[in-house]
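Just follow the structure's listing: the first ligand is 1, and inside any ligand the first atom is 1.
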Amino acid sequence: MQKTVRLTMSQALARFLTRQKTEIDGRIVPIFGGVFAIFGHGNVAGFGEALYQVRDELPTYRAHNEQGMAHAAVAFAKASFRRRMMVATSSIGPGATNMVTAAALAHVNRIPVLLLPGDVFANRAPDPVLQQVEDWGDGTVSANDVFRPVSRYFDRITRPEQIISALNRAMQVLTDPAECGPVTLSLCQDVQAEAFDYPESFFAERIWHPRRPRPDARELDTAVALLKAAKKPVIIAGGGALYSEATQTLRSFAEKHGIPVMETNSGKSSLPHDHALNMGSVGVTGSSASNLLAEQADVVLAVGSRLQDFTTGSWALFKADGVSIIGLNTQAFDAGKHRAQPLVADAKAGLEALDARLGDWASPAAWVTTAKSAKTDWLAAAKAVTDPTNALPSDAQVIGAVHRARGSQATLVCASGGLPGELHKLWQAGAPGSYHMEYGYSTMGYEIAGGLGVKLAKPDHDVIVMLGDGSYMMMNSEIATSVMIGKKLTIVVLDNRGFGCINRLQMATGGANFNNLLKDTRHEVLPEIDFAMHAASMGAWSRKVASVSELGTALDEARSVERTTVLVIDTDPLISTDAGGHWWDVAVPEVSVRPSVNAARKDYEVALKGQKL
Ligand SMILES: Cc1ncc(C[n+]2csc(CCOP(=O)(O)OP(=O)(O)O)c2C)c(N)n1
Ligand SMILES: [Mg+2]
């Protein structure tokens with residue numbers, strides 16, 4: 001007879017979560033770093049009560065917004081290179097659907113997170129329960145079905161014993177480098193409280209090791225042949241290079257074979273900024289060095305990259321005739337994008353296999369010389385835009401000031417607005433993971449909540465969050481959580497009084513200045529938002545500074561403050577860095593009554609000719 005233990009579904013779920021482990025640097029640690037929870041009738045009595053029972057082994061944190069807490073959970077996993085992760089649980093209805101944006105973010109960025117929204121009664125007795133969305137054409141639909149397209153695995157738990165198979169599947173998905181992403185288990189309220197005789201073996205400790213798939217022999221042959229024939233090879237390092245912890249391997253591979261490396265926004269910090277072969281950012285927000293080489297490259301080895309439009313310059317960046325792309329990726333979907341030559345494998349294992357077969361082969365010495373001189377030119381251009389100023393600063397000048405004050409050791413967090421492009425070009429990243437950019441979904445409102453998740457993952461690191469006024473207004477409530485749980489963030493708010501980057505995009509596509517900067521909106525009163533006072537009201541130490549030199553002083557002062565600090569600086573909404581960069585496909589109207597739109601359309605049609613389909 002199998003030994004069993006009688007528990008509610010919620011108690012079994014909570015106990016199961018505490019028994020899942022992983023190994024980091026030879027130490028066995030819980031794979032779940034904790035649970036973010038906001039309770040309502042859909043989870044307080046069931047899963048909430050069960051979380052209380054395990055609170056010493058699996059800490060529960062109360063946040064202020066379900067979207068924010070789920071962002072924090074995703075950021076925790078990203079900062080842990082997907083080796084550890086978190087859980088986010090909500091009530092039904094609005095609490096649940098508040099997490100959908102975070103699910104999409106995790107889905108796009110391939111980051112594991114376990115979402116446990118409450119759901120309607122499986123027995124349907126009280127229908128419609130408060131907050132139930134009713135579908136009169138389909139009795140099986142609830143609001144939580146919106147998680148389906150943004151979950152890698154979705155399940156609805158309508159019987160207590162279902163979690164035995166559902167949690168096994170959830171763990172497989174969460175820990176698989178190719179599949180991983182958000183898992184949503186939608187927990188019917190009545191079922192959370194139902195008891196079942198669970199086999200004791202279900203709660204046995206389980207240690208999950210990340211899988212490192214090795215390349216297929218034929219794919220490896222093809223990739224080796226392409227590289228050996230290359231005269232101008234480049235490597236694009238994406239997020240997968242970091243998640244695979246392939247950075248040391250990447251470094252020696254690049255050095256030995258003479259291949260310049262360029263980084264996507266997600267892969268930045270794969271090599272330290274001052275490594276001779278690190279050409280910096282690539283693509284739309286690329287350095288002049290990377291983009292010069294990418295335009296000439298005959299073989300592009302993309303390591304762990306989704307090859308999104310910002311990386312490929314909307315597929316107009318690689319200009320050489322017959323250029324080949326090798327897609328080294330654990331996920332076949334990414335490896336074969338745009339008819340790339342797939343090399344389906346873990347980044348580290350794939351680079352090792354390539355290295356073993358390439359032997360002493362190296363690219364022509366002239367190619368590396370070209371790369372090094374292109375980098376020297378770029379560094380001069382980057383210095384010019386980040387040097388101090390006494391005028392109303394640009395984003396680049398603020399970036400310069402933050403870097404001078406805190407250096408490459410800090411972990412920088414950002415996601416949206418004009419900053420991701422500027423930081424991608426200009427931030428000088430140090431150790432792997434010291435640059436945390438969410439630029440797959442580029443979600444306004446991610447930065448502060450994400451910073452909290454990063455700090456939970458890396459409590460000893462100096463976590464700096466940079467964001468615009470628009471993103472701050474969209475979501476700032478987790479400042480209060482960071483103060484409450486003693487996880488210090490240094491937050492720098494760049495106030496250009498509006499959606500600066502979209503205003504610039506609007507101008508570049510011939511549009512009128514309309515509905516982006518606050519002054520260009522329909523208003524009776526022009527808002528004068530005091531961000532420093534707002535942040536102080538949530539318990540943060542805050543300062544409004546008048547210049548980049550004052551910002552430097554305030555950042556020094558903020559170092560010794562124990563709680564979250566918020567520094568606010570006014571910036572110029574019209575300036576972004578012209579140096580480097582590449583065309584980005586943003587569709588311009590084919591007909592318009594505005595001459596400036598017609599002119600932009602003409603340029604657009606010319607640019608489209610450079611796009612390789
Ligand atoms: C949730 C969300 N809504 C809309 C957008 C589109 N969008 C991208 S940047 C931006 C403006 C950001 O303003 P701010 O944070 O002040 O940064 P700035 O552009 O001024 O640098 C908008 C509306 C987005 N990325 N995310
Ligand atoms: Mg702004």
*Protein residue, atom and distance nearest to atom 14 (P) of ligand 1, heavy-atom basis*: G470 N, 3.5 Å
_Among all protein heavy atoms in this structure, tell me which lies nearest to atom 8 (C) of ligand 1, with the distance rounded to 0.1 Å._
I502 CD1, 3.7 Å
*Within a reach of under 6.0 Å around CE of M473, are more than 12 heavy atoms found that belong to other residues, nucleotides or ligands?*
no
*Is the count of non-hydrogen atoms from other residues, nucleotides or ligands lying under 6.0 Å from K612 atom NZ greater than 12?*
yes
*Going by the side-chain hydrogen bond (donor to acceptor under 3.5 Å, both in side chains) test, name the single residue among S186, S90, S151 that passes it with N144.*
S186
Using a plain distance cutoff, I'd like to know if [X] has any nitrogen or oxygen under 3.5 Å from a nitrogen or oxygen of ligand 1.
X    : answer
M444 : yes
G418 : yes
F499 : no
G417 : no

*Between N496 and ligand 1, which part of the residue brings a heavy atom under 4.0 Å of the ligand: side chain, backbone, both or neither?*
side chain
Atoms of ligand 1 less than 4.0 Å from [X] heavy atoms?
X    : value
C501 : 9 (S), 18 (P), 19 (O)
M474 : 1 (C)
G500 : 18 (P), 19 (O), 20 (O)
S442 : 24 (C), 25 (N), 26 (N)

*Touching ligand 1 at all, P573? Heavy atoms, strictly under 4.0 Å?*
no
*Give a yes/no on ligand 1: does R504 have at least one heavy atom closer than 4.0 angstrom to it?*
no
*Please state whether the rings of Y446 and H436 are parallel, tilted or perpendicular, taking 30° and 60° as the class boundaries.*
parallel
*asked:* In terms of relative ring orientation, are W315 and H338 parallel, tilted or perpendicular, with 30° and 60° separating the classes?
replied: parallel
*Can a salt bridge be assigned to the pair K544 and D495 using a cut-off of 4.0 Å between side-chain N and carboxylate O?*
no
*What do the steps show when you test S266 against R306 for side-chain hydrogen bond (donor to acceptor under 3.5 Å, both in side chains), and what is the final call?*
CA-CA 10 Å; S266 182; R306 298 166 52 236; over 6 Å; no
*For S592 and R594, does a side-chain donor sit closer than 3.5 Å to a side-chain acceptor?*
no
*Is the Mg ion (ligand 2) less than 2.8 Å from at least one N/O/S atom of G498?*
yes
*Whether N496 has an N, O or S atom under 2.8 Å from the Mg ion (ligand 2)*: yes
_Minimum-distance atom from the Mg ion (ligand 2) among N, O or S atoms of D469_ = OD1
*Can you check side-chain hydrogen bond (donor to acceptor under 3.5 Å, both in side chains) on D585 and Y604, steps first, answer last?*
CA-CA 8 Å; D585 189 346; Y604 178 61; 2.6 Å; yes
*What are the two closest non-hydrogen atoms of H64 and I38, and how far apart are they?*
C-CD1, 3.7 Å
*Kindly give the heavy-atom pair with the smallest separation between N476 and I448, and that separation in Å.*
CA-CD1, 4.0 Å
_Using heavy-atom distances only, which candidate in G445, S471, C414 approaches atom 15 (O) of ligand 1 most closely?_
S471
